[in-house]
Student: 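Okay, here's the structure, questions in a sec.
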Amino acid sequence: MALTLTCPVCGKRNGYEFRYGGEEKGPRPDEAGITPRSWCEYVHMNQCVAGIQKEWWCHKDGCGVWFTTHRDTTCNLEVDKPEAQS
Amino acid sequence: MKRLEKLSTLRINPAKTLHFKYKNKNLKGLSGDTVATALYASGIRIFGRSLKYHRPRGLYSLDGESSNTCMQVNGIPNVCAETTLLADGMEVKAQNVAGSPETDLKGFMDKLDWAMPAGFYYRTLHKPARIWPIALKQVRKAAGLGKISAEFQMPGKYDEIYPKADVCVIGGGPAGMSAALAAAENGLRVILLETRPWLGGFFDYRTAQNGAGLSLSQSVRQAAEQLEQNSNVRIFTQTPVVGVYNNNLVTAFQKGCETDYFDERYLEIRATSVVVATGCSERPLLFENNERPGVMQIGCAHRLAQTYGLLPGKQAVFSIGHDLGLEAALDLFDLGLEVLCVADIREDGQDPALIEGLQQRNIPFLRGWVATRAHGNKTLHKVTLATIPGTLRKDFSCDLLVASAGMTPLTGPLSLAQAKLAFEPYTGFFIPRQLPAKIQVAGRLLGLNHPATIEASGRLAGTLAAGDCGVSVESRLKEAREKLNQLPGPDQGSKLVTAPVQGRKTFICFDEDTTVKNVKQALAKGFDATELIKRFTAAGTGPGQGGIPGHNLPLFVAQYHGDIKATAMPTTVRAPLVPTYIATYAGSNHDMCKRTPVHDSQKAAGGVIRRIGVWKRARYFSKDFSCRAEIENVRKNVGLLDASTLGKFRLWGPDALNALQRVYASDMSRITNGKVKYSAMCNDDACIIDDGVVVKRAENDYYFTTSTARAGATVEWIRYHTRYDGWNFHMVNLTDAFGVINMAGPNARKVLAKVTDADVSDDAFPYAAYREFMIKDTIPVRSMRLGFVGELSFELHVPSSYMQALWDLLTEAGKEFGIRHFGLEAQNVLRMEKAHLIIGSESEQRTTLHDVGLGFLWSRDKSEEKTVGAVALRQTENQEARLKLVGFKMEDPSRVPKDGSIIVDNRIRGYVCIARHSFALQEPVGLALVDAPLAGEGTRLQIYEDECNGQHLYATVVPTPFYDPEGKRIRM
Amino acid sequence: MAVEIKRQSPISFPGNPLKTELRGHWTVMQEYEAKGDAPRVIDLSHRIRWDLQDSDIARHRPGGVSIPDTPGRCVFENGVLINRMNRTQASIWHLSGEDLSIPDDPAFTDVTDATVFLALLGKEIFSITEKLTTLDFFDPLKEAPFLLQGPFSHVPCQMVILGNTPEKSAILFTCSRGYAQDMIAAVLEAGAEFELHPAGENAFSDWVNK
Amino acid sequence: MFGRVKPLWGEKSSLKSNYDAVIIGGGLHGLAAAYFLARDHNMRNVAVLEKRFIGFGGSGRNTAIVRANQRTQENVPLYKEALALWPVLTKDLDYNLMFFNCGNLNLMHSEAAMNAARMNVATAQFHGVESHLIDAKQCKELVPALNILADITYPIFGAMYHPPGGILRHDAIVWGLAKGAAEHGVHVHQQTEVTGIGVENGKIVSVETDKGQIKTPRVLNAAGGYSAALSYQMLGIKLPISVLTIQAMVTQPLKPLLNHVVSSGAYHAYANQTLKGEIATGAHMDSWPNYTTQTTAYYIKHQAEALAEMLPCLRGVKFMRHWGGLADMTPDMAPIMDGNDSIEGYFMDCGWGYFGFKSCAASGKYMAQFMASGNCPNMLKPFSLRRFEQHRLMGETAAVVNYTPDN
């Protein structure tokens, strides 16, 4: 157990209380005229950033909230001030 | 062996004798002994044989740095005798010996080293190919140290705790103790972890004066008592740290003593700040036969005497590179050891008082000399010393060689914590250059040696750790820094890597029998990075966790490359830092599983219970796994199924409908009061992930069910897919709040009518309707007319606390109508006859809603709702070459194909999801996923079962449902 | 044979209670044999529990009590314990005996039967809980009573720390009812070292009254 | 006695400014592709670029289990061929890859799981790959240490027994392939980091490295865990990959105890005994992407809990070393082998997740064929990147859905 995440409701907790919900990709695109490729881009494709990424988490074993956080994937640590560092 | 008595430093209790067995002999030790010291006291010098060459191995260190003293204790293999306290009645055996450690029949292997250069097996043993299987057997037999039988049962009790700490201090020596005290003075929760059974570290056994009139031993024991009184400090002794992880998670295990509730206890500590004060071990001296029994490290010799009262030998030579070696020589001399000579690698830099001590005792002292060879067949009888360049040599006959190249900082916890270590030329240590957040370091591992400095550095680290916890510590920090600055700094470390040796048996790693020569061979082959050499020669991969080669190997490699300063890189350290029992890691291992409210009564009724996902459920109610009686009773009379595991949810609020529209394929705005709506959820590849029913209980207030498997993830799923919308709706997971009974069969209504005053006639409560009413005026139920098993059925959702009562009421009321339980397998067959889908049985990850024939559930007219899966449903709607769900019947009705059989022609065209003999239809029927071109009615399917030896079965695609295709029986 | 309609708790403790009471179809265990000051576990599953969710949660005053203003905070008044869970949600646990009917407001859901409800009392309970969870019951930033939502013996729980001083140690917690049997087994096993034993509802009432 | 020993994978050569093919990643897949390019397709002017040292990534961190009992007919033939290649490669490379053909038992813990396994077994048998369903008693006969009692979390109902599988020495394959490639003229450049890929008019033209520029018409992305990041950063091509840390560990060495590879999906664990005598065990991945190879306390404990039930005698054995590596996971647990699609000369061999080790010989062979001819061999056609936008996931995992919202 190494990762900790800061739930906006419950505070800093053990990472295993949470569910990873993917890279932040923005709201669902409009359906009209969307091509298979751009739909796939939204659903499956990842940037796989080796560095700080914005991502979704759910505090599944706690309060259940979905939230975004910034995490550095090269050290598996949450980043306090992502804008300042990125 | 006679023990030295009356030493104030002893940690043994001469009054308490312990008995143990070794080599079929009854031996004695004392309370406080380790298995190793007790054996040593009994005259044992060879503890086992080495892995590859079967060389005799003895007591070299006392903290488990090598596998030399790995023994079998009470049937448990690879027990480190150095770190295991002796207990009464222990049975101890040597490992990896054919015969005894003294006369090992495989001792000849030592002469065959020429045939086994580094990586020799990669280049040999495969030519010709047929010899490899034979060689492989021999390789397997020769490998491995301990033995364990397949039937072995590990005795003892194993436990776990997850304490929180503000500051966790690793190492209970003088630095760690000072750090703990400093942190505790700030009112913080402190945990102090120490591997040995007592605090005090390398002060504990030393009689040197601390400058205030006390010996180091006395002063540190006083400090320990003081610390034990401090209620803010929780001290764990006999607790080696095994892991340090991100965000200061420290794992360790505590060995229980007699009064403890456990044999071993796993600890997982989340600390705000961690202080690493692990101190040092010794850097092994590399010379010929450097691991011959009779050669030991300074601390080992010194502690044998001072801690255990055992004079380590009679006549000794010292070849050391650190003042602790000089101190030990003096001390041991005074205790009666004949010291023939002390050779110091260092030309200068020694403490003058120690030199004077040697002179006073007439102990010959050679500066710039070093041991180059240990002689003696099995144990030591002679030592050759030489000058560092190897130009002058001297021999000494002796039975003890105290040998050590210098100190090695125990940086394991720091490395695991991702600290960046770098070679520091003055001390010769790998020292942390960059520490992770909220990790502090103190004491000897920084190269400090002076007692006051060590304590002061502990104080500083403890204060810094308090600062990490948010305590304002500025003035104390200043004070601690000033104090430290006034004291002596780090000692210069000795730089020697290898003595001037010629032979082939200079061991850089004892566990894997890796010699300096092997390392050179690896370098010559192009394995020029330390990590590659480790992999190629296995150095550092044995039970000693790199305790012997960890420091020397990178120094040696760097020296080979010609520039220690630039190229010395520490080797990778991995958890666990101390080998740890699987039993200990497993701890209490609670199995957490859900039971339905009628679990016990179903079990009592003969239910065969299976774990299905997070639940335990009744699969059968008889030994007849065809479930014929259960099935036929549902078709003929009436049956009760416990369906409590279905996911059940309330969803309400102004945006409730929006949320439903988002996740369900159908148009959920068309739900009408009093009716159930069946629909499905898909993922964004259009694949079906769930199905269930939704009812509207009030305006903007819905109650819906999901499959058992999806219950746990549904709230999360809906919140995820609405997370950008800011909608105002709420959900409650009522899965456990309601028990569910599916009462199905032609007599179901009669049974229900007996227990309720509500009108349950088909007119008042038709198929696909939803009603709420009371049972016996007491139990509120939510009821749905559904038809999963193809008969008249009422699904009754009842508050869980009433579930057993309702179950009993129905059982009682149904007696006259032939009611009985049915289980999951019966349901499985019943629903298959109706071709009703179970997700995961008739679908797989890639199966779309269209593929299973439920495409009609999808409402294509709600693109504004952005329904999950809708885009892909559109894109896959007319896609060819997908696996489609079909029903089939067998050409030969005497044979039911097995589930999971494949459908083939010249390639695989699909597979049988389920097939059973249908008692209603009196022939086998089944469902299969087949390539779309084979999905047409009347298509002949060729079924290939496992082990069929080319004998195929044949089936024909038929329309579904198989049973009651008009659906009359569900509408009865 | 007439079936007696009973409401059943999801757990049954080993051993027999000294005193029970029939209350609204529940058989409430009131007393077990006392065992000094060893820690006790008490089944309160029959106590009424509501879920409250509302985007404007502050407008509610269940049992006349205001909802705590920040998530993690609890109030205990008039026998009602209210635990603020997040921005829009609170749990309401009725710790006194009165028969209560749920407010006629869709914001409330009766979840009494959704969970098992247990109390742990006694000064060694935190030595027991540290075997089962990584949650911090001594967080210096939190003042009892406070709510922690997180895993306990691997199962998501709502845990309310009523007191965390040696003199006054008590925890209330709920988890999914289905886990009840394994949860109590885990708690009893973890507590065996400290002679944790079942106690009746009266022991809890006594504690509350003190 | 050794005199002048030649380095195994050739003397260090300096980076040339032109290569016919550049392979990014000195792991098993990259080295295998290089070896087959040079050996079978006479393309010898090939560079393998490795940021650290060869075998540093997944190649040296896996537990070296091989088998061919995959789930689908698109996969089975590839792995079957890979399995057959080990003895051949041992001979061709003149390097002992130490194949221990001990067979694999994949345990099943429910009736449903047994039925699901039957599909794999039938698929294997249909393709001429030996595999059988066996019951719990037969499991116990093969692996006496197994616990087949009913009172454990996941009782054993039986297993899929796959005799042709086994284990190898992973490092030996890395070194053997490097040696073989070097003998055919391939340059293996260690400590050489790729910093960019040059594309002109839709064609690969060059590779930038920290040691200089290379002109080349072909690039193979075989960068393992870094392949997706590399693809996006250097070419703007996103891949359906999540980079997860997978962990494994070994116990202290023991005399022979396990004579087969044992694995269990329900316990999420596998165990086998290496030729050194260590019990190697692993399988867990944390579900969130990260590029650290750090291990977790959670997992070593989980693994102990699983082994304590499955193989209870191991309770008396000690864990000794725990490590992590990167796995590039795709949504359908099948790799992406593709090339010449949007960029001519850009080839991908990635997304291998759990399966990169067992497949490397076959994928190297076919990727080499693909790169040399420019045409995708039939064997690789099902593994195209486009399957994801066509909603045609491979079905390598039967699981209905990973219960993660992003799926």
Side-chain angles (χ1 to χ4, degrees), chain B residues 76-78 121-122 125-126 129 136 139-140 143-148 150 152 154 243 245 249 251 268 524-526 529 532 535 543 574-576 579-583 585-586 589 591 683 685-686 689 713 717 720 839-840 843-846 872 876 898-902 904 907-908 911 944 946, chain D residues 5 7-9 53 60 73 87 90-91 95-96 100 110 115-116 118-119 121-123 125-126 133 144-145 153 171-172 252-257 275-277 295-297 300-301 304-305 307-308 313-323 332 391 393 395 397-401 403 405 407:
Chain B
I76 306 170
N78 293 332
Y121 29 78
Y122 301 129
L125 307 179
H126 63 289
L136 174 80
V139 168
R140 290 193 76 207
L145 271 179
K147 261 187 227 166
I148 199 157
F152 178 77
M154 181 72 162
Y245 302 88
L249 187 82
T251 62
E268 198 170 289
K525 280 255 150 207
L532 281 175
R535 290 183 186 188
R574 304 208 183 271
T580 305
Y581 288 121
I582 286 176
Y585 270 120
N589 199 7
D591 177 19
N683 68 10
D685 275 315
I689 59 161
W717 177 267
Y720 181 79
I839 292 165
S843 69
E844 52 181 67
Q845 188 199 20
R846 54 181 165 166
T876 56
K898 292 185 253 180
D899 294 0
S901 301
I902 54 176
V904 301
R907 58 195 296 270
I908 297 172
Y911 64 95
Y944 178 104
D946 61 316
Chain D
V5 180
L8 204 57
W9 49 91
F53 52 81
Q73 62 186 343
T90 298
K91 191 159 169 287
Y95 208 68
N96 190 350
F100 176 23
S110 69
N115 290 335
R118 179 172 293 109
M119 189 203 146
V121 167
T123 301
Q125 290 180 0
F126 185 75
L133 268 190
T153 308
D171 287 336
Q252 291 183 327
L254 299 167
K255 294 295 177 193
L257 172 76
L275 297 187
K276 276 188 77 184
T295 59
T296 63
I300 193 168
K301 183 165 193 338
E305 289 169 357
L307 293 177
C313 69
L314 293 182
R315 285 168 51 83
V317 177
K318 291 170 176 177
F319 276 137
M320 187 169 77
R321 192 164 62 252
H322 180 196
W323 68 93
D332 59 0
H391 308 286
L393 273 58
T397 172
V400 177
V401 63
Y403 293 112
N407 200 336

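Labels below follow one simple rule: chain letters A, B, ... track the order of the sequence lines, proteins then strands, and each chain is numbered from 1. Just so it is clear, the values below take in all heavy atoms, side chains as well, and ignore hydrogens, waters and symmetry mates.
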Student: Indicate the atoms forming the closest heavy-atom contact of Ala150(B) with Cys313(D), along with that distance.
Tutor: O-CB, 3.6 Å
Student: Would you mind reporting whether Arg315(D) and Phe152(B) have side-chain heavy atoms less than 4.5 Å apart?
Tutor: no
Student: Mind checking the CG-CG spacing from Leu136(B) to Asn96(D)? Nearest 0.5 Å is all I need.
Tutor: 9.0 Å
Student: So which heavy atom on Pro253(D) is nearest to which on Gly144(B), and how close?
Tutor: CB-CA, 3.7 Å
Student: With a 4.5 Å cut-off on heavy-atom pairs, point out which of Met320(D), His322(D), Met119(D) contacts chain B the most.
Tutor: Met320(D)
Student: For the interface with chain D, which of Ala686(B), Gly243(B), Ala575(B), Ala129(B) has the highest count of heavy-atom pairs at distances below 4.5 Å?
Tutor: Ala575(B)
Student: Using heavy-atom distances under 4.5 Å, tell me whether Phe53(D) contacts chain B through its side chain, its backbone, both, or neither.
Tutor: side chain
Student: Mind ranking Val139(B), Asn78(B), Asp591(B) by heavy-atom pairs under 4.5 Å with chain D and telling me who comes out on top?
Tutor: Asn78(B)
Student: Should the ring pair Phe126(D) and Tyr944(B) be called parallel, tilted or perpendicular, given that the plane angle runs from 0 to 90° and is split at 30 and 60?
Tutor: perpendicular
Student: Would you compute the distance between atom CD of Glu305(D) and atom CG of Asn589(B) and round it to the nearest 0.5 angstrom?
Tutor: 4.0 Å
Student: Tell me whether the count of non-hydrogen atoms from other residues, nucleotides or ligands lying under 6.0 Å of NZ in Lys255(D) goes above 12.
Tutor: yes
Student: Under the side chain to side chain donor-acceptor pair (under 3.5 Å) rule, collect the residues that match up with Gln73(D), sequence neighbours excluded.
Tutor: none
Student: For the interface with chain D, which of Leu125(B), Thr876(B), Ile902(B) has the highest count of heavy-atom pairs at distances below 4.5 Å?
Tutor: Ile902(B)
Student: Do Thr123(D) and Tyr911(B) have side chains that approach each other closer than 4.5 Å (heavy atoms only, starting at C-beta)?
Tutor: no
Student: Please report the interatomic distance CG(Leu254(D)) to CG(Leu145(B)), rounded to the nearest 0.5 Å.
Tutor: 8.5 Å
Student: Looking at Pro543(B), Pro77(B), Ala529(B), which one has more heavy-atom pairs under 4.5 Å with chain D than the rest?
Tutor: Pro543(B)
Student: Identify which of Ile76(B), Val904(B), Thr580(B), Ile148(B) forms the greatest number of heavy-atom pairs closer than 4.5 Å to chain D.
Tutor: Thr580(B)
Student: Which one wins on heavy-atom pair count under 4.5 Å against chain B: Asp332(D), Leu307(D), Leu133(D), Ile300(D)?
Tutor: Ile300(D)
Student: Identify which of Gly316(D), Ala145(D), Pro144(D) forms the greatest number of heavy-atom pairs closer than 4.5 Å to chain B.
Tutor: Gly316(D)
Student: Would Lys318(D) pass as a cation-pi partner of Tyr581(B), given that its NZ or CZ must be under 6.0 Å from the six-membered ring centre and within 45 degrees of the axis?
Tutor: yes
Student: Given heavy-atom pairs under 4.5 angstrom as the criterion, report whether the side chain, backbone, both or neither of Pro87(D) touches chain B.
Tutor: neither
Student: To the nearest 0.5 Å, what is the distance between NZ (Lys301(D)) and CD1 (Ile582(B))?
Tutor: 12.5 Å
Student: Taking all atoms of both residues into account, what is the closest heavy-atom pair of Pro576(B) and Phe319(D), and its distance?
Tutor: CG-O, 3.3 Å
Student: Give the member of Thr153(D), Val121(D), Leu8(D) that has the highest number of heavy-atom pairs under 4.5 Å with chain B.
Tutor: Thr153(D)
Student: Between Arg574(B), Lys525(B), Arg535(B), who has the most heavy-atom pairs with chain D when the cutoff is under 4.5 Å?
Tutor: Arg535(B)
Student: Counting only N and O atoms by type, is there a donor-acceptor contact under 3.5 Å from the side chain of Arg118(D) to the main-chain atoms of Asp899(B)?
Tutor: yes
Student: Considering all heavy atoms of both residues, which atom of Gly900(B) and which atom of Ala122(D) are nearest to each other, and what is their separation?
Tutor: O-CB, 4.3 Å
Student: Between Ala872(B) and chain D, with a heavy-atom cut-off of 4.5 Å, which part of the residue counts as in contact: side chain, backbone, both or neither?
Tutor: both
Student: Atom CD of Gln845(B) and atom CG of Leu393(D): how far apart are they, to the nearest 0.5 Å?
Tutor: 5.0 Å
